[in-house]
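One structure is given here, and the rest of the page talks about it.
In this text the structure is predicted, and so the values were computed from the model without any measurement. Naming: A, B, ... by sequence-line order, numbering from 1 per chain.
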Number of protein chains: 2
Amino acid sequence: MSKAITPTLRGTRAQEDYLEQILTLIENKGYARVVDIAHNLGIAQASVTGMIQRMDADGLVAYEKYRGVILTEAGEEIAREIVRRHESLVEFFALFGLDEHSIYDDIEGIEHHMSQPILAAIQALTGELERQPALLERVKKKIAGCA
Amino acid sequence: MSKAITPTLRGTRAQEDYLEQILTLIENKGYARVVDIAHNLGIAQASVTGMIQRMDADGLVAYEKYRGVILTEAGEEIAREIVRRHESLVEFFALFGLDEHSIYDDIEGIEHHMSQPILAAIQALTGELERQPALLERVKKKIAGCA
DNA sequence: AATATAAGTTAGTTGAGACTATATTTTGAT
DNA sequence: ATCAAAATATAGTCTCAACTAACTTATATT
Ligand SMILES: [Mn+2]
Ligand SMILES: [Mn+2]
Ligand SMILES: [Mn+2]
Ligand SMILES: [Mn+2]
């Protein structure tokens with residue numbers, strides 16, 4: 001009997017982005033307000049309210065009108081997974097001198113498409129490359145040529 | 001005067017997937033029929049007709065009713081770019097023993113989120129790693145542990 | 001040439017996820 | 001306690017991209 005596979009995407013891409021923001025806000029400020037979620041994701045407040053209601057229906061957050069949002073267990077699990085993938089990507093691309101800010105949009109997209117084997121490969125490679133500064137230098141040189 | 005930056009995504013993600021399929025079909029069979037596009041993308045024929053009409057309006061393909069589709073210059077350029085990204089990803093992940101089939105869905109997603117610097121990094125790293133079998137072996141060992 | 005089947009199109013519907021404008025609730029300052 | 005401002009919610013609209021069912025055109029077989 002094999003373990004159940006974990007699909008790449010749990011909830012929609014948009015929902016994963018909301019969960020990521022909500023977790024980050026809760027960890028940074030203790031709570032997640034609609035206005036901050038909207039600001040961080042660059043969308044209108046009303047859109048956030050609507051999405052939060054859908055996510056409540058899906059069991060990803062617990063929502064009470066005018067009272068704010070918290071993550072359910074299911075929601076928090078997904079949120080932590082996404083944050084982990086995001087961070088793994090930042091760490092990986094930082095090796096080559098790509099800074100977090102300039103590739104933010106790419107990482108926001110890629111993080112939703114990393115099944116276990118790909119995540120493991122990136123993380124393992126990151127670990128090994130951290131001990132190969134010479135190799136990294138050569139890669140950086142090549143990248144510079146493609147600018 | 002700097003060159004115009006090329007955005008990561010030209011057309012929508014769905015459109016990029018259509019363009020990729022259309023180019024592949026044209027190169028493999030000489031033409032791209034609605035029925036084959038639909039089959040390869042796993043969607044209904046009627047949906048393909050609808051999308052092709054939108055893409056014609058956007059100048060990505062040239063469409064005549066009942067006569068099939070061809071790519072415009074703009075469409076072909078995007079299509080080749082996507083295929084290139086897809087192939088780069090396959091080549092990269094193959095290094096670690098991940099087979100194309102099992103990570104197909106991930107690559108289908110990631111290919112839409114690779115701006116120049118990320119593409120260059122992946123390609124440069126692939127080139128260097130091809131000369132580092134010992135390093136690859138270590139990475140593979142680590143990945144095996146995460147299964 | 002007639003006709004069956006395959007391919008393609010149209011029409012109408014759905015759902016996600018965004019938007020604006022408006023209404024309501026909460027909160028903070030007086 | 002009152003009232004203004006900030007936060008949140010509702011209502012209604014929009015676009016994209018899918019779907020099914022029904023219709024039309026192309027093609028292949030006899
Ligand atoms: Mn992220
Ligand atoms: Mn994201
Ligand atoms: Mn692809
Ligand atoms: Mn794709």
If the condition is side-chain contact (heavy atoms from CB on, under 4.5 Å), which residues does [X] pass it with, not counting sequence neighbours?
X	answer
B:Gln123	B:Arg84, B:Ser88, B:Leu119
A:Glu108	A:Arg13, A:Asp17, A:Glu20, A:His86, A:Tyr104, A:Glu111, A:His112
B:Ala79	B:Leu19, B:Leu23, B:Leu71
A:Arg67	A:Glu64

Those residues that, when tested against A:Glu130, pass salt bridge (Lys or Arg N to Asp or Glu O under 4.0 Å) (two or more places apart)
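Per chain and number, A:Glu130 pairs via salt bridge (Lys or Arg N to Asp or Glu O under 4.0 Å) with no residue.
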Holding to salt bridge (Lys or Arg N to Asp or Glu O under 4.0 Å), I want the full list of residues that pass it with A:Asp36, two or more places apart in sequence or in another chain.
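With sequence neighbours excluded, A:Asp36 shows a salt bridge (Lys or Arg N to Asp or Glu O under 4.0 Å) to A:Lys29, A:Arg33, given in chain and number order.
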Along DNA chain C, 5' to 3', what are the outermost nucleotides having an atom less than 4.0 Å from a heavy atom of chain A?
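First and last nucleotides in contact are C:dA16 to C:dT26.
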Suppose the criterion is salt bridge (charged side-chain N to carboxylate O under 4.0 Å, His left out): which pairs have a residue in [range], not counting sequence neighbours?
range	value
residues 87-104 of chain A	none
residues 43-54 of chain B	none
residues 68-77 of chain B	B:Arg10-B:Glu77, B:Glu76-B:Arg80

At under 4.0 Å between heavy atoms, what does A:Ala14 touch on the DNA or RNA strands: base, sugar-phosphate, or nothing?
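Here A:Ala14 touches the backbone only, sparing every base.
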Enumerate the protein-to-nucleotides 8-12 of chain D contacts in which both atoms are nitrogen or oxygen and the separation is below 3.5 Å.
{"residue": "D:dT8", "atom": "OP2", "partner": "A:Val34", "partner atom": "N", "Å": "3.4"}
{"residue": "D:dT8", "atom": "OP2", "partner": "A:Val35", "partner atom": "N", "Å": "2.8"}
{"residue": "D:dA9", "atom": "OP1", "partner": "A:Tyr63", "partner atom": "OH", "Å": "2.9"}
{"residue": "D:dA9", "atom": "OP1", "partner": "A:Tyr66", "partner atom": "N", "Å": "2.9"}
{"residue": "D:dA9", "atom": "OP2", "partner": "A:Thr49", "partner atom": "OG1", "Å": "3.2"}
{"residue": "D:dA9", "atom": "O4'", "partner": "A:Tyr66", "partner atom": "OH", "Å": "3.3"}
{"residue": "D:dT10", "atom": "OP1", "partner": "A:Lys65", "partner atom": "NZ", "Å": "3.2"}
{"residue": "D:dT10", "atom": "OP2", "partner": "A:Gln53", "partner atom": "NE2", "Å": "2.6"}

For a 4.5 angstrom cut-off between non-hydrogen side-chain atoms, does B:Tyr18 reach B:Ile43?
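Yes, their side chains come closer than 4.5 Å.
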If you fit an axis to the five pairs at each end of the helix from C:dA1-D:dT30 to C:dT30-D:dA1, how big is the angle between those two axes, to 10 degrees?
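Roughly 10° between the end axes, to the nearest 10°.
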